Number of protein chains: 2
Amino acid sequence: MEHGFEATSLRLITTAAGVNLAAVNYHFGSKEELFQAVLTRRLDPMNHDRMQLLSAYEIAAAGKPLTCEKILAAMFIPALKLARDYEQGGKNFLRLLGRAYADPAPFIREFLSNQYREMIARFRSAFSRALPHIPREELSWRLHFVMGALSYTLAGADMLKIISQPHPEETTNDELLLKRLAPFLAAGLRSPSAPSSVEDDGNHLFQEA
Amino acid sequence: MEHGFEATSLRLITTAAGVNLAAVNYHFGSKEELFQAVLTRRLDPMNHDRMQLLSAYEIAAAGKPLTCEKILAAMFIPALKLARDYEQGGKNFLRLLGRAYADPAPFIREFLSNQYREMIARFRSAFSRALPHIPREELSWRLHFVMGALSYTLAGADMLKIISQPHPEETTNDELLLKRLAPFLAAGLRSPSAPSSVEDDGNHLFQEA
DNA sequence: GATGAATTCAAACGTTCGTTTAAATTGAGC
DNA sequence: GCTCAATTTAAACGAACGTTTGAATTCATC
């Protein structure tokens, strides 16, 4: 999380863990495989929880489409649960994950793509039922924005130092953070999908550029 | 952009540039100072353009508060202009910038914080006038979300491969991307700020967790 | 064309990297 | 308690890193 994958040495890791340097290659094979194991251990259960929670909501809704807030809750709650798991450094893991999202190393991207494929498909169809008037393609974009905002927000608590005047005590309160993010995203998801329609106050975005 | 700051070697850079390895230390002093120079060269003019465009909009509005879309346009258009500047690898720069946002290296964070401070302050007050009913603190969060979504979106074109079924030709069309992002964010910015009020359909976010 | 500063260059500096090797140690099954 | 596989260990491997050095080269100025 602090240095990124390529700049984090196995010697740093193994001495911090109190084990021998060669243990990594013996047990995991290589640095890359160790990294994948680190991600899988927490990401796999989290995404599993997300899908399970979404299914529970859908069953409780008895066929009616879920609200965007409910679907977002199914995404956020397992992430929050993980962030609260202090015994296993949960918040640090989410930051690590956020950095991995931005890492263009092919083995990382392919790994994440495989890890997320099933979950994304489930949530896409849930949003599709919740927002039947939004075209498929537009919805893909908005799902992209949601995932980006979520991972960015969870990953970059330090970003607040750039954006904001100081918020003394709140910085580490992830629950409050997500309580503010979810309505923000829900409003964006529900916004009318009409890039071609008439304007109301004369601002064609980007048309003067 | 491909490997991150720490994992990109000066030998890679200097051979690609066709110059001697020692040129970096001679002209820039160190690898860190070279990186800051790379960012400053484009980030400084871009943020200057943003503030200038915002001022132009405010003057044209003759005292009336701007719409969120207009303010977002002042943020996005200079970024788009840079992305279109192919002669200087504009889109690659935005991705590099997006990665820098997620990099926790202190010298990078401090540098970005200084580079953005003035611009963020200007846009915060513009949004504050556009959304007088949103509390200051809530607005800080939403501004954080906006910056995160923007940098994430501009940085992570590859992320689409994770989120979406393939979008054959559209992936590189940044203008279309921002045309979809701006309404999404504007809707989120305008959404009512009432985490304490009564609910309409029974979903208290996160309350069952 | 000589002079002196600015720049470029090849080479080497010491350090750290991921991985491998082979010996030492551990631990379960007979 | 011996055996043999599993694991741990210290040491070394070759390669790559950012930086420094001092000589070669370039370039403007006289």
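In what follows, chains are A, B, ... by sequence order, proteins preceding strands, each numbered from 1. Values in this document were obtained by computation on a predicted structure and should not be read as measured data.
- No more than 12 heavy atoms of other residues, nucleotides or ligands sit less than 6.0 Å from atom CD of B:Glu118.
- Distances were taken from every side-chain heavy atom of B:Tyr26 (C-beta onward) to each of C:dT19, C:dT8, C:dA10; the shortest belongs to C:dT8.
- Heavy atoms of other residues, nucleotides or ligands lying less than 6.0 angstrom from NZ of B:Lys81 number 12 at most.
- In the 5' to 3' direction, nucleotides of DNA chain D lying under 4.0 Å from heavy atoms of chain B begin and end at D:dC17 to D:dT21.
- Listed for the A:Arg122 side chain is no donor-acceptor partner under 3.5 Å among the backbone atoms of A:Arg50.
- Note: CG (B:Asn20) to P (C:dT8) measures 9 Å, nearest angstrom.
- Within 4.0 Å (heavy atoms only), B:Thr8 reaches sugar-phosphate atoms of the nucleic acid but no base atom.
- Between B:His27 and A:Phe5, the residue anchored nearer the 5' end of DNA chain C, judged by the nucleotide with its closest heavy atom, is B:His27.
- Note on B:Arg190 versus B:Glu69: salt bridge recorded, some NZ/NE/NH1/NH2 to OD/OE distance being below 4.0 Å.
- A:Asn92 and A:Arg95 form no side-chain donor-acceptor contact under 3.5 Å, judged by distance and modelled atom types alone.
- In this structure, B:Ala23 reaches neither bases nor backbone, as no heavy-atom distance under 4.0 Å exists between it and the strands shown.
- In this structure, the CG atom of A:Leu21 is 10 Å from the P atom of C:dT19, given to the nearest Å.
- Of the candidate nucleotides C:dT21, C:dC9, C:dG18, C:dG18 has the atom lying nearest to any side-chain atom of A:Lys31.
- Phosphate proximity of C:dC17 to A:Ser9: present, with a side-chain N or O under 4.0 Å from OP1 or OP2.
- The list of ring-ring contact (aromatic ring centres under 6.0 Å, His included) pairs with a residue in residues 21-42 of chain A, not counting sequence neighbours, reads A:Phe5-A:Phe35.
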